[in-house]
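Data block below; observations after.
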Amino acid sequence: QLLLEQFNALGLFTGILGWLLLWGSHKRAFFFLLSFFLSISVYSVTYNTNDSFVYLIPSLLVFSLCIGMGLYSLLVNQVAPWLSRMTSTRQQRFNMVLTAGLLVLLLPGFSLYRNYPQMDLSQDHLAYSYAEGVMKVAEPGSVILADTDPYIFSLWYFRYVVQPGSEVAVIGKPLLQYDWYRRSLERTMPKIVPKELPGEYSQAVLEIVSYNLGKRPVYLTVKDDSLLGFYTQREEGPLFRLEARR
């Protein structure tokens with residue numbers, strides 16, 4: 001379905017044709033591209049995230065090569081001989097080749113026309129507006145534990161690009177499960193992240209919250225049920241402020 005959406009029926013046909021031609025002429029290239037295509041596809045399909053389909057992009061690039069080979073074969077083996085039979089003068093052949101070339105360009109042209117409105121994000125300011133609203137609510141020197149990519153990346157962009165002098169610390173909460181990220185935080189945020197964070201994810205989150213609460217405000221971008229037994233989560237604009245239970 002994704003191949004059909006990306007390349008339409010003509011692209012799908014010429015891509016399969018290109019792959020079949022490789023089998024007959026360059027078997028080593030055929031098996032190399034096929035193994036690459038399948039390994040990336042299997043990894044993407046079995047990767048347990050909501051956006052795992054983006055990892056299929058390399059496979060689409062491989063299929064694009066096959067589309068090019070399929071189109072080349074059609075032009076050289078089918079169109080060119082037909083043009084030679086249909087035309088008698090050089091000018092006629094030139095006109096026919098030019099027409100055939102324009103027809104070939106219809107494939108990417110149609111895909112561009114059909115998909116450009118969906119890909120045009122020039123008027124989409126949702127991420128910027130969200131991050132701007134968060135930074136207006138978060139007190140200076142506070143800590144934001146951000147959940148999921150849309151929150152994390154928009155806040156990182158605003159914090160480090162739009163307001164590089166901001167005193168708000170934005171921590172990618174799901175990344176605390178990785179050793180490399182915990183080590184990075186211990187090095188770059190020594191006043192906020194204690195040394196020797198626990199390796200277990202939920203314990204690392206609790207450690208950071210308890211280390212900072214009382215010294216500075218701590219916020220969440222999304223409510224966390226695992227913290228309900230320890231802290232209240234009071235809504236403040238687009239954030240949830242953590243407070244110790246009494």
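Values below: every heavy atom of this structure, side chains too, minus hydrogens, waters and symmetry copies. Throughout, numbering of the chain's residues begins at 1 and tracks the sequence.
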Would you say the side chain of [Y] lies within less than 4.5 Å of the side chain of [X], judging by non-hydrogen atoms?
| X | Y | result |
| --- | --- | --- |
| Lys173 | Tyr151 | no |
| Arg183 | Trp180 | yes |
| Val143 | Pro217 | no |
| Val193 | Pro190 | no |
| Ile171 | Trp156 | no |
| Glu139 | Val168 | no |
| Ser64 | Phe7 | yes |
| Phe36 | Pro58 | yes |

I need the [X] [atom1] to [Y] [atom2] distance, nearest 0.5 Å.
| X | Y | atom1 | atom2 | value |
| --- | --- | --- | --- | --- |
| Leu145 | Asp224 | CG | CG | 9.0 Å |
| Arg245 | Glu243 | CZ | CD | 10.5 Å |
| Leu61 | Ser59 | CG | OG | 8.5 Å |
| Phe13 | Leu74 | CZ | CG | 6.0 Å |
| His125 | Glu132 | NE2 | CD | 11.5 Å |
| Leu155 | Gln163 | CG | CD | 11.0 Å |

Does [X] have more than 12 heavy atoms from other residues, nucleotides or ligands lying within 6.0 Å of its [atom1]?
| X | atom1 | value |
| --- | --- | --- |
| Tyr72 | OH | no |
| Arg28 | CZ | no |
| Tyr55 | OH | no |
| Lys27 | NZ | yes |

What pair of heavy atoms forms the shortest contact from [X] to [Y], and how long is it?
| X | Y | value |
| --- | --- | --- |
| Ser41 | Leu56 | CA-CD2, 3.6 Å |
| Pro174 | Ala146 | CD-O, 3.3 Å |
| Ala204 | Arg182 | CB-CD, 4.3 Å |
| Leu206 | Tyr231 | CD2-CE1, 4.0 Å |
| Thr221 | Asp147 | OG1-N, 2.9 Å |
| Leu17 | Gly70 | CD2-O, 3.8 Å |

Practice item. Tell me, please, which residues at least two apart from Arg159 pass salt bridge (charged side-chain N to carboxylate O under 4.0 Å, His left out). Key: none
Practice item. Would you tell me whether Gln203 and Glu207 have side-chain atoms, one donor and one acceptor, within less than 3.5 Å of each other? Key: no
Review point. For residues Glu200 and Ser202, is any side-chain donor paired with an opposing acceptor at under 3.5 Å?
Key: yes
Any link between [X] and [Y] through a network of hydrophobic side chains (Ile, Leu, Val, Met, Phe, Trp, Tyr) touching at under 4.5 Å?
| X | Y | value |
| --- | --- | --- |
| Leu33 | Phe31 | yes |
| Ile144 | Met189 | yes |
| Leu121 | Leu126 | no |
| Ile67 | Leu4 | yes |
| Phe63 | Val42 | no |

**Study point:** Phe240 and Tyr219 aromatic centres sub-6.0 Å
**Key:** no
Exercise for review: Check step by step if salt bridge (charged side-chain N to carboxylate O under 4.0 Å, His left out) holds for Glu236 and Arg241.
Suggested key: CA-CA 7 Å; Glu236 288 190 5; Arg241 183 165 182 162; 3.8 Å; yes
Review point. Sub-3.5 Å donor-acceptor pair from the side chain of Ser35 to the main-chain atoms of Phe32, do we have one?
Key: yes
Check your understanding: Hey, is the main chain of Ile208 close enough, under 3.5 Å, to the side chain of Asn212 for a donor-acceptor pair?
Key -> yes
Review point. Aromatic rings Phe37 and Trp19: how do their planes relate, parallel, tilted or perpendicular, breaks at 30° and 60°?
Key: perpendicular
Exercise for review: Step by step, work out the side-chain contact (heavy atoms from CB on, under 4.5 Å) result for Thr232 and Leu242.
Suggested key: CA-CA 6 Å; Thr232 61; Leu242 292 177; over 6 Å; no
Revision key, fill the gap. Applying ring pair (Phe, Tyr, Trp, His ring centres under 6.0 Å) to Phe158 and not counting sequence neighbours gives Tyr128
Check your understanding: Which is it for Met135 and Val170 under the side-chain contact (heavy atoms from CB on, under 4.5 Å) test, yes or no, and what are the steps along the way?
Key -> CA-CA 10 Å; Met135 292 305 180; Val170 179; 4.0 Å; yes
